[in-house]
J.: 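Before anything else, here's the structure in question.
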Amino acid sequence: MGLQARQLYLNLPVKDLNKTVEFFSKIGFEFNAQFTDENATCMVINENTFVMLLVEDFFKTFTKKDISDTAKNTEAIVAISADSREQVDEIVNKALDAGGKPSNDPTDHGFMYGWSFQDLDGHLWEVSYMDESAFGQEN
C-alpha cells in the first residue's frame with residue numbers, strides 16, 4: 001500500500017475570519033481553539049480532517065501564487081460526506097440560510113445523492129450521501 005497520511009489539513013483563504021467562523025458555526029461545524037487566532041482558525045471536519053481558514057494576507061505568506069478569484073475561478077471543490085439524504089439537505093439549507101450561495105442543484109443517482117453550496121468566500125462545498133446497499137440498482 002502507498003502513502004497513508006494520518007490527517008488532512010486543507011487551507012482556504014478567507015476575507016473576514018469572524019464572519020466565516022459565524023457562517024460555519026451556523027452549519028454546525030466546530031473549531032479547535034488551540035489553532036485559532038486573528039489570522040486563522042482550525043475547523044474540525046472529523047478527528048483526522050481539518051480545514052484551516054486563513055485570512056488572505058496570512059494565506060499569502062504560504063504561497064508565491066495569486067489567490068484565486070472565486071467569483072471567476074474554481075481552485076477546488078471541498079467534498080464532504082453526510083450520513084443520510086436528509087442530512088445533505090440539512091447541511092446545505094443551513095449554509096444557504098447562513099448567507100451561502102447555491103452552487104448546483106441537488107443530484108440524485110439513486111445510490112448517491114448530493115447537493116452543493118458556495119461559502120461566503122465563494123469556495124465550493126459538495127455534500128453527498130452514498131447508500132452502498134443501493135449501489136448499482138436502478139432508480
Side-chain angles (χ1 to χ4, degrees):
M1 189 178 308
L3 174 67
Q4 294 285 310
R6 292 182 296 120
Q7 296 180 322
L8 171 71
Y9 291 86
L10 173 67
N11 295 275
L12 294 176
V14 301
K15 293 184 185 340
D16 186 317
L17 189 60
N18 291 332
K19 285 183 181 178
T20 299
V21 169
E22 181 182 352
F23 172 79
F24 283 109
S25 293
K26 287 180 180 177
I27 297 171
F29 288 103
E30 295 181 356
F31 300 84
N32 183 333
Q34 246 185 322
F35 300 106
T36 299
D37 62 20
E38 68 280 355
N39 288 314
T41 189
C42 178
M43 185 169 73
V44 178
I45 303 296
N46 62 40
E47 64 185 26
N48 294 310
T49 310
F50 310 91
V51 177
M52 297 300 299
L53 300 164
L54 311 174
V55 174
E56 287 183 346
D57 286 341
F58 185 59
F59 184 91
K60 289 177 186 178
T61 66
F62 295 96
T63 181
K64 294 177 182 168
K65 293 182 177 185
D66 292 336
I67 294 175
S68 293
D69 178 352
T70 57
K72 296 187 283 187
N73 304 298
T74 300
E75 80 282 41
I77 298 173
V78 181
I80 59 173
S81 63
D83 293 331
S84 66
R85 291 168 177 263
E86 294 78 19
Q87 189 181 41
V88 169
D89 291 345
E90 177 186 342
I91 291 168
V92 175
N93 282 318
K94 283 182 178 180
L96 298 176
D97 290 345
K101 295 179 183 172
S103 185
N104 289 321
D105 292 331
T107 56
D108 190 343
H109 298 288
F111 68 94
M112 188 168 78
Y113 175 73
W115 196 10
S116 57
F117 66 91
Q118 296 178 47
D119 67 20
L120 300 180
D121 291 283
H123 302 294
L124 304 179
W125 291 77
E126 181 74 30
V127 186
S128 62
Y129 166 70
M130 185 178 299
D131 179 0
E132 294 182 22
S133 68
F135 186 73
Q137 296 179 8
E138 303 272 336
N139 285 350

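Reckoned from all heavy atoms, side chains included, excluding hydrogens, waters and symmetry mates. Remember, it's a predicted structure, so these values are computed and weren't measured experimentally. Starting from 1, each residue takes its place in the sequence as its number.
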J.: Determine whether the side chains of Asp119 and Trp125 contain a donor N or O and an acceptor N or O closer than 3.5 Å.
T.: yes
J.: By salt bridge (charged side-chain N to carboxylate O under 4.0 Å, His left out), which residues pair with Glu22, not counting sequence neighbours?
T.: Lys26
J.: Tell me which one of Asp89, Ile91, Ile27 satisfies side chain to side chain contact (heavy atoms under 4.5 Å, CB included) with Val127.
T.: Ile91
J.: Which atom names give the shortest non-hydrogen contact between Gly99 and Phe23, and what distance separates them?
T.: C-CE1, 4.1 Å
J.: In Å, rounded to the nearest 0.5 Å, how long is the span from CG of Asn32 to CD of Glu30?
T.: 10.5 Å
J.: Going by salt bridge (charged side-chain N to carboxylate O under 4.0 Å, His left out), name the residues that satisfy it together with Glu90, two or more places apart in sequence or in a different chain.
T.: Lys94
J.: Among Phe50, Phe35, Phe62, exactly one meets ring-ring contact (aromatic ring centres under 6.0 Å, His included) together with Tyr9. Which residue is that?
T.: Phe50
J.: Can you sort out the partners of Asp69 under salt bridge (charged side-chain N to carboxylate O under 4.0 Å, His left out), two or more places apart, ordered by chain and number?
T.: Lys72
J.: Which pair of heavy atoms, one from Ala76 and one from Leu124, lies closest together, and at what distance?
T.: O-CB, 4.1 Å
J.: Restricting to non-hydrogen atoms, name the atom on Val55 and the atom on Glu38 that form the minimum distance, rounded to 0.1 Å.
T.: CG2-O, 3.5 Å
J.: Under 3.5 Å, is there a donor on one side chain and an acceptor on the other for Asp131 and Tyr113?
T.: no
J.: Within the structure provided, determine whether Leu12 and Glu75 are in side-chain contact (heavy-atom separation under 4.5 Å).
T.: yes
